[in-house]
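Numbered from 1 within each chain, the chains take letters A, B, ... in sequence-line order. Just so it is clear, the structure is predicted and the values come from calculations on it, not from any experiment.
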Amino acid sequence: MALLQIAEPGKSTDPHQHKLAAGIDLGTTNSLIATVRSGKAKTLPDLEGDHIMPSIVHYAKDGTVSVGKSAKLFVCSDALNTISSVKRLMGRGLKDVQKIKEFSANRLTASGTGMPAVETDCGIKNPVEVSSEILKALVKRAEESLEGELGGVVITVPAYFDEAQRQATKDAAQIAGVKVLRLISEPTAAALAYGLDTGSEGIHAIYDLGGGTFDISILRLEKGVFEVMSTGGDSALGGDDFDRAIAGYLVEQANIDKSDRNAYQMAMIKARDVKEALTDQDSVEINFKHWKGSMDRKLMESLIAPIVDKTLAACRRTLKDAGLKASEVQDIVMVGGSTRVPLVRHKVEDYFGKKPLTDIDPDKVVAIGAAIQADVLIGNKSDEDMLLLDVIPLSLGVETMGGLAEKIIPRNTPIPIARAQEFTTYKDGQTAMAIHVVQGERELVEDCRSLARFELRGIPPMVAGAARINVAYQVDADGLLKVTAEETITGVKSDITVKPSYGLNDEQITTMLQSSVNYAEEDMKARMLREQQVEARRVIEAVQAALAESGDKLLSKDERNAIEEALKKLAYLSENGDIEAIEEAIKAVDKTTEEFASRRMDASIAKALVGHEIDEI
Amino acid sequence: MANSQQNYFEMFGLEPNFSIDIPKLSAKLRTLLNSVHPDRFASSGAQQQMLSMQKTTHLNDAFAVLKNPVKRAQYLLHLKAGIDTAKDHTVNDPEFLMQQLELREELEDIVASSDISRLNQFADKISQLEESQEEQMAELFEKQPLNTDELEKAIYKLQFLHKTLSDIEQAEDKLLS
């Protein structure tokens, strides 16, 4: 069968060509993008040679959006319209963040998303939109530098990010128009960066102390498989707390009124300088307001020691979850700028009984690991290279009577994972039911994070207690949750309306996509058509490859004919059809190949099992 | 061929027995995941991704049951005799009930004394009891015909020991923090 080959001038249709992919470290303070070129992962600099991009977005009155260094210029001159540390707002509620100092200069307001939004002179901006601007800027940098369109990205999130925070991150990428291959946790990315460079097998601990978050992950590397054994940390603990502790001391020494915001702001800046100076020096002179004095390393260490100890307590808990002792850890990888503080290194070394690894720049290591993973996921490496097995960082539960949280999926369960639960009605003729999903380890719902409320409708009316509603919770490889429900006696699928507690619903995402300044409606349509065509081409290539490989073995003649017929139709429509027609044709191919795909997967499992047994002999 | 009609043992190419080599099982899991994990289909179509997620979920589920002795025993009893022991129920065995009471009292006593070394000794003792209970379980599952009453009792005992161990862990957590 002759298939239409669609090739743009200068572009090869060779499926084995190197595809462009990147890893993005979307950080609280700074962000980076990296890619694998000629087998080596490297972060990409801007035109001036800077690799690090401040995670700052400025919205000007005339609608101009600037990101990074150029936005940083407005931090003081136009603080109201400049947004820093937006990561702290992702998937959070207004109440959670009102105490955070970074936003003292912004006007935070409630938005229809449950998340706090920022009022700027060019409108109300929710955190997902702001993050999408940072992503767009990074992707633009990469595409200009690589001279081509990115096929997909891997974005890192703190291991401790809950579902709402992960979903918000993925939504930001969708609005930025970037295909997310996978969300991976920052410590895992760091381990990838080190693991591949050193090839060391065994247990690794990743100690990641950034500006605003602390993560500890225990990973096992064996035969190219990275397995997350356990993970823990604190999403509101970081180097900024060091600054705060030092600033508190300065404010006290200088006898300044604690409510003086400006003075406190100055003290924070001073504190950061002091902290950085004491990385190499033993003592530093300080001029703060009218107060003149000095601080030596010992004094600073006494101020920040309780914070470092908190991180070690989390290490202990996480090791315990993995069923390991500190001495069993082979390597400790240090990530995040705050691990430059000597006290952190010393305390970590004491705790684990060995020197932590610091070879790779702690600011770049996460982006580098993400780039390596992106390269694998986009298909530039052969299959056996490596595999990353991740876990769910916080237990998922539902609210039960009396405001208690019943755990459905305990923390550190490998993902993807699914669990089902059976509910029944408690009133005659009841047709609707609400489920409140929460995440966290505490017993009371109010102490856990509220993720979403699911409303089931369309339960067939029966007497109380007769209906059997099976609710299934599926967590995918990105750590994102999907809930489905079915009445098992009648087989009626219930309609589910999801109301994320802190996040965007599908409608809001669509609206934001459409209103995104970069895409006027016409552009949007053209873009969607092009995406649909690319998708069609990909489907055709994939099915053809599958047919060539195992069509003869796994399909009857009729089955094969049906698939080829559907492919032919899709190939025609991808050239001549509109968006909907192509979409329908892809669905038709999916449907005719469903059984084939399933048989192929089963065959590969069977093959793996046999191969394994041969290995054992 | 591996498919969703297979039982958890078959998915890993194993005979349905209580004795399992856990390190071997987890090595096998990794081999299987290597060919079906969603990361292998990150740039494939939605259908492939869905399928891969389902298969991986299924393997993860199977592994979670097989590696846990209580869940494995419950699953095996269900598989071989159709008996569902997953729900909490008590077993009439006065001797074991006595022992149970004594062990609980001992644990409460140790927790009250905050003596971490005594707690560790107690943990060792329970681990040993658990181990011999597991050996007994393996033997029971090999008997033909199956003595399901005995097996139900054995599962109940193992469950109790398992629960006690996790209570010890929690107590240790509290003592250390």
So CE of B:M50 and OG of A:S598: to nearest 0.5 Å the spacing works out to 13.0 Å
Distance col, row A:K320:NZ vs B:E172:CD, nearest 0.5 angstrom, shows 5.0 Å
Output for pair (B:Q54 CD, A:Q474 CD), nearest 0.5 Å, gives 7.5 Å
How many angstroms lie between atom NZ of B:K28 and atom CG of A:L609, to the nearest 0.5 angstrom?
-> 5.5 Å
Heavy-atom contact with chain A under 4.5 Å, split by part of B:F63 = neither
Greater than 12 external heavy atoms within 6.0 Å of B:E15's CD = no
Side chain / backbone / both / neither for A:A418 at chain B, heavy atoms under 4.5 Å = both
Neighbour count >12 (heavy atoms, 6.0 Å) for atom CZ, A:R442 | no
A:I417 backbone acceptor or donor facing B:D61 side chain under 3.5 Å = no
Nearest 0.5 Å please: distance from the CD atom of A:E227 over to the CG atom of B:L29.
-> 7.5 Å
Taking everything shown except B:K80 itself, do over 12 heavy atoms lie less than 6.0 Å from its NZ?
-> yes
To the nearest 0.5 Å, tell me how far B:H37 NE2 sits from A:I415 CD1.
-> 7.5 Å
Minimum heavy-atom distance A:A597-B:Q47, with the two atoms named = CB-OE1, 4.1 Å
A:E441 CD: over 12 foreign heavy atoms closer than 6.0 Å = yes
Name the option with the most non-hydrogen atom pairs under 4.5 Å to chain B; the candidates are A:S604, A:G152, A:A542.
-> A:S604
Tell me, do A:K607 and B:S35 make a side-chain contact under 4.5 Å, heavy atoms counted?
-> no
Among the listed options A:V543, A:V475, A:L388, A:T413, the residue most often paired with chain B at heavy-atom distances under 4.5 Å | A:L388
Which of the residues A:E594, A:K591, A:E535, A:R600 is involved in the greatest number of heavy-atom pairs with chain B at under 4.5 angstrom?
-> A:E594
At their closest point, which heavy atom of B:A42 faces which heavy atom of A:K179, and how far apart are they?
-> O-NZ, 4.0 Å
Side-chain donor-acceptor contact under 3.5 Å, A:Q373 with B:D39 | yes
Measure distances from A:A313 to the heavy atoms of chain B and classify the residue's part below 4.5 Å as side chain, backbone, both or neither.
-> neither
Heavy-atom side-chain contact between A:D602 and B:K55 under 4.5 Å = yes
Derivation and outcome, side-chain contact (heavy atoms from CB on, under 4.5 Å), residues A:L387 and B:R30 | CA-CA 9 Å; A:L387 187 62; B:R30 287 199 293 270; over 6 Å; no
